[in-house]
Every structure is written in C-alpha cells, then in structure tokens.
Amino acid sequence: QNHKAGRCRRYWESGSLKREEEIKKGKFTNGKCYAENGSEVEYYPLSVRANFPGGINKFYEYISRNVDKKLIKKTGKIFLTFTIPPSGVISDIKIIRDFGDNYLNNHIINILKKCPKWNPSSYDGELIVTDFAIPLTFTEGQMSTSVQENLEDRRNSNYKSQLIKF
C-alpha cells in the first residue's frame, strides 16, 4: 500500500510558481499550472511518455503488416533500439541483438525508417528526446503482433538496458 500524500510544487527560474499538484496515496488527484507571470494556464501533465498513434499494439501491427513474411526463415527475436525526438520521427535505429539474418535486420530498419510519426515525450511542458528498446518475435513466416509475446522472453533474458522498455 502506498501512503505518499501531499502537495508537489515546481517553480519557474524567476521563483514564481509553475505548477502545483496534489497527491493522495501515491496518485495524482488534481493540479494547476501557471505562466511565468503567475496567471493560471490549462493544466498539462508533468511527464508524458512518447507513444505510437493508437498504442504499442498498433506499432507492432504496423511492423508486422510491412514485413516481407518470405524473409522470415527461422524462429527468433530481434532486439532493437531507436530514438523518438521532439519531431516524433523515429531515428537512430539500431539492432542490438539478432538471430543472424542481416537481410531481415536491414528490412526491419527500413520499415522503421518509414514509420508514421510518434507523439513525442514531454517533461514539464517541454518536448524531450526518448530512447526505446523493443523486442520483435519471429517464427517461420510470421511476426508476433502481441506485446505480451514480444516481451515474454525479455523478462527471462540477460538483456539489460537503461532505455524505456515495453
């Protein structure tokens, strides 16, 4: 049981109140945000994680829909990392662990390069860069679109990362 409670305040560099939030039992209950001049503005969350339009399942569906199933000749997982900058355009795509099929690796990277824009992360109203690490699960001729299946092996592997993981 989480008993954290109280009021959290953040201030502009000038010292004026930027935001205040009320927390009860570790959960946000309400809050207000202020412009630097002290006037109240529409509330916005302190932290928003980057997300694919429609959610992570839609992201896996996008990849699966675009992958050439004829290239999937064996069973295995590919672990990759990528960055979502404030523009929302996926970048810095890297395969960090694969099952030895460079052609499939390059195919996946090309699919991700054409990926629709993500909704970027923000912190305290400012857009920020976010790094992701995800697994892709393949069996002969197909790719899993289930987040649960894609993450299952990850929990039991030696794969470690400081990146945001699904």
Side-chain angles (χ1 to χ4, degrees), residues 2 4 8 10 18-19 21 23 26-29 31 33 41-166:
N2 193 338
K4 294 180 184 179
C8 177
R10 293 183 61 83
K18 185 173 188 177
R19 65 184 309 120
E21 296 169 316
I23 311 294
K27 304 264 186 217
F28 167 81
T29 58
C33 294
V41 297
E42 185 178 337
Y43 177 81
Y44 53 88
L46 178 63
S47 181
V48 177
R49 183 174 165 180
N51 60 79
F52 187 77
I56 191 61
N57 285 329
K58 293 290 183 192
F59 178 62
Y60 278 116
E61 287 173 19
Y62 163 79
I63 297 169
S64 181
R65 226 181 17 258
N66 289 285
V67 73
D68 182 349
K69 309 298 190 281
K70 292 179 274 182
L71 295 177
I72 306 169
K73 300 190 188 307
K74 47 187 171 174
T75 298
K77 283 191 182 276
I78 293 176
F79 290 90
L80 54 97
T81 62
F82 57 88
T83 299
I84 302 298
S87 69
V89 176
I90 200 166
S91 65
D92 199 25
I93 304 159
K94 294 179 184 146
I95 304 284
I96 56 174
R97 190 172 89 191
D98 65 23
F99 54 90
D101 188 335
N102 287 334
Y103 195 74
L104 180 60
N105 292 347
N106 290 331
H107 181 58
I108 295 296
I109 288 170
N110 287 329
I111 289 169
L112 292 178
K113 285 180 179 177
K114 296 173 186 169
C115 182
K117 281 186 175 184
W118 284 53
N119 301 311
S121 294
S122 65
Y123 185 78
D124 204 11
E126 301 291 324
L127 296 177
I128 59 171
V129 173
T130 307
D131 294 316
F132 285 85
I134 67 164
L136 300 176
T137 304
F138 298 93
T139 51
E140 272 186 59
Q142 61 185 350
M143 185 196 127
S144 174
T145 57
S146 161
V147 173
Q148 188 64 33
E149 285 178 34
N150 279 299
L151 296 182
E152 191 174 292
D153 182 54
R154 183 116 172 233
R155 291 188 186 100
N156 301 319
S157 73
N158 291 325
Y159 177 76
K160 301 273 188 261
S161 175
Q162 297 297 323
L163 307 175
I164 292 176
K165 301 171 215 152
F166 294 103

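FYI, the numbering just counts along the sequence from 1.
For the pair Pro53 and Lys58, the tightest heavy-atom approach, listed with the atom from each and the gap, is O-CB, 3.8 Å. Residues Ile109 and Ile95 share a closest heavy-atom pair of CD1-CG1, 3.9 Å. Scanning both residues, Ile23 and Thr29, for their nearest heavy atoms gives N-OG1, 4.3 Å. What you find for Arg19 and Leu46 is that their closest heavy atoms are NH2-N, 3.1 Å. Taking all atoms of both residues into account, the shortest heavy-atom contact from Pro116 to Tyr62 is CD-CE1, 3.7 Å. Taking each heavy atom of Asp98 and Gly100 in turn, the nearest pair found is OD1-N, 3.0 Å.
Enclosure of atom NZ in Lys69 by more than 12 non-hydrogen atoms of other residues, nucleotides or ligands within 6.0 angstrom is indicated.
Annotation: the span from Tyr60 atom OH to Ile134 atom CD1 amounts to 4.5 Å, rounded to 0.5 Å. With rounding to the nearest 0.5 angstrom, the CG atom of Asn105 is 4.5 Å from the CD1 atom of Ile78. Between Ile108 atom CD1 and Asp68 atom CG the span is 10.0 Å, to the nearest 0.5 Å.
Proximity of the aromatic rings of Phe52 and Phe82 is defined here by a centroid distance below 6.0 angstrom, and this criterion is not met.
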For Cys8 and Phe28, run side chain to side chain contact (heavy atoms under 4.5 Å, CB included): C-alpha distance rounded to whole Å, both residues' side-chain angles, the deciding distance at 0.1 Å, then the answer. CA-CA 10 Å; Cys8 177; Phe28 167 81; over 6 Å; no
Does the pair Lys74 and Asp101 meet the rule for a salt bridge (charged side-chain N to carboxylate O under 4.0 Å, His left out), with working shown? CA-CA 9 Å; Lys74 47 187 171 174; Asp101 188 335; over 6 Å; no
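A search for side-chain hydrogen bond (donor to acceptor under 3.5 Å, both in side chains) contacts involving Asn51 returns Asn119, not counting sequence neighbours.
Judged by the 6.0 Å distance and 45° axis criteria, Arg49 is not positioned over the aromatic ring of Phe132.
Between the His107 side chain and the Leu71 main chain, no donor and acceptor come within less than 3.5 Å of each other. A donor-acceptor contact shorter than 3.5 Å links the side chain of Ser121 to the backbone of Ala50.
The closest side-chain heavy-atom distance from Ile84 to Ile90 is below 4.5 Å. For the pair Pro86/Val129, a side-chain contact is recorded, criterion being any heavy-atom separation below 4.5 Å from C-beta on. Between Leu80 and Leu112, some side-chain heavy-atom pair lies under the 4.5 Å cut-off.
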